Amino acid sequence: ELGKIADAMGLEAFLVGGFVRDLVMSHKNEDFDVVVEGDGIAFARRFAQVHGYRVHSHSEFGTAVIIMEDGFKIDVASARFEYYASPASLPVVETSSLKMDLYRRDFTVNTMAIQINEKSFGTLIDYFGAQRDIKAKAIRVLHNLSFVEDPTRVFRAIRFEQRYGFSIGKLTSNLIKNAVKMDFFRHLSGRRLFSELKLILEDENPIGAVDRMAGYNLLPFIHPDLDFGPEKQDLFESVKEVLTWHDLQFMDDSYMKWAVQFLALFHGFDQDQVDAALLRLEIAPKFHDLFYEHRQYGRQCLYRLEREDKMVNSELYRMLTLLPTEMLLFLLARAKSKKAKRRLTRFLTELKGVACLLSGKTLKQMGIKPGPIYKKVLDAVLDARLDGKVFTFEDEMALAV
Ligand code: CTP
């Protein structure tokens, strides 16, 4: 369908980037990136118009996003000559603008394109040895200035390497070491550094990636004291187990995976160190509670969970209901004793979702005058339910009265 529009407009259009990479490697990927030789925005608008889709465009970049009614998105970019003519020595004349566009990308594995015009639909274009490097399982930059152009690519290299079980090529590896030595990351904004780290920590196997970052001495760019010794590796293993357990158990519960991993990464840090790391990464204030109040309170909770002999359900509930899922999962990963682990899993699986049958409305119907008493009554009813003292609605009514 995209190809038809391209044909009608006399434009060459290609699928590019991660989608093609993952297609060639038989991985799932639903991010459609299209490059058009010519005016990508006009192309996106025409396509959207024909099909009744919406378009967001950025004329200064020549890019557009087509948004279909089911929310599915297609990114469209324009490959234009003038745009790439800046480094004066490039052989512009014999180079297609697609080739120039692909040459500016991070790694060879990301430089394939598939033509989508009808006449040559499906033709795989591989100018820079992407298929060769996929066979060799290698992550390689296209040129020596790649990390100068964009230091976040260092983190991307590690992410792709770990995700696909590849290795970073020798030259590329040396360029990373050079980037570290020359401190290319000094001017990297916290926002960009954070979003790369987040992607790494959200990926399937963050342990390998963090280990790699430690190996390249990248962790000190987050905080000078950050390390990844055996103890922290164990903690990461434990976090991984807990997250796998949780995701199987509660398929559609959403939580911030990266935040649990960050808690593990910063484990052992004092408040000043955490402070400095959050500042460096420009982590938004809305997340700060987790790393300050909740971290501190979580520590106290774990201490009690490990030591206290008796703890009835309502007590456990009142203590842990103040913590977000991310912290609860982190505490579960840290818990040493069977007792503490059991208590945390009991809260997560059985207690967290318990609610009493009575509500403010029913209390009103019962003729109780609204006021602070409501909270007291409902809390007491919920506690009784958690501790198995009431079962039916009538039980609750009787207790409320
Ligand atoms: N790209 C780049 N330099 C960057 C970021 C991206 O050259 N710092 C290029 C890559 O070639 C990539 C394309 O832009 O293929 C799209 O980027 P993105 O969507 O971030 O990456 P994907 O390759 O799709 O990876 P993922 O599967 O993680 O989304």
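When a ligand or atom number is given, it counts from 1 through the structure's own listing order. Nothing here was measured: the structure is a model prediction, and the numbers come from that model. Heavy-atom basis, side chains included; hydrogens, waters and symmetry copies ignored.
Nearest protein heavy-atom neighbour of atom 28 (O) of ligand 1: Arg159 NH1, 2.7 Å. Of all protein heavy atoms, the one closest to atom 12 (C) of ligand 1 is Arg156 NH2, 3.5 Å. For atom 10 (C) of ligand 1, the nearest non-hydrogen atom of the protein is Asp106 OD1, 3.1 Å.
Closer than 4.0 Å to atom 19 (O) of ligand 1 lies none of the heavy atoms of the protein.
In terms of polar-atom proximity, defined here as any N/O pair under 3.5 Å, Arg21 does make such a contact with ligand 1. Taking only nitrogen or oxygen atoms, main chain and side chain alike, Asp150 reaches within less than 3.5 Å of ligand 1.
Judged by a 6.0 Å distance limit and a 45° cone about the ring axis, Lys181 is not positioned over the six-membered ring of Phe147. Cation-pi check for Arg159 over Phe155 is not met; the charged atom does not lie both under 6.0 angstrom from the ring centroid and within 45 degrees of its normal.
Met25 CE: more than 12 foreign heavy atoms inside a 6.0 Å radius. With a 6.0 Å radius and a threshold of 12 heavy atoms from other residues, nucleotides or ligands, Lys369 has its NZ atom at or below the threshold.
Ring centroids of Tyr127 and Tyr103 are separated by 6.0 Å or more, keeping the two rings apart. With ring centers used as reference points, Phe291 lies 6.0 Å or more from Phe287.
With a heavy-atom cut-off of 4.0 Å, Leu199 does not touch ligand 1 at all. Contacts between Phe155 and ligand 1, counted as non-hydrogen atom pairs separated by less than 4.0 Å, are absent for every part of the residue.
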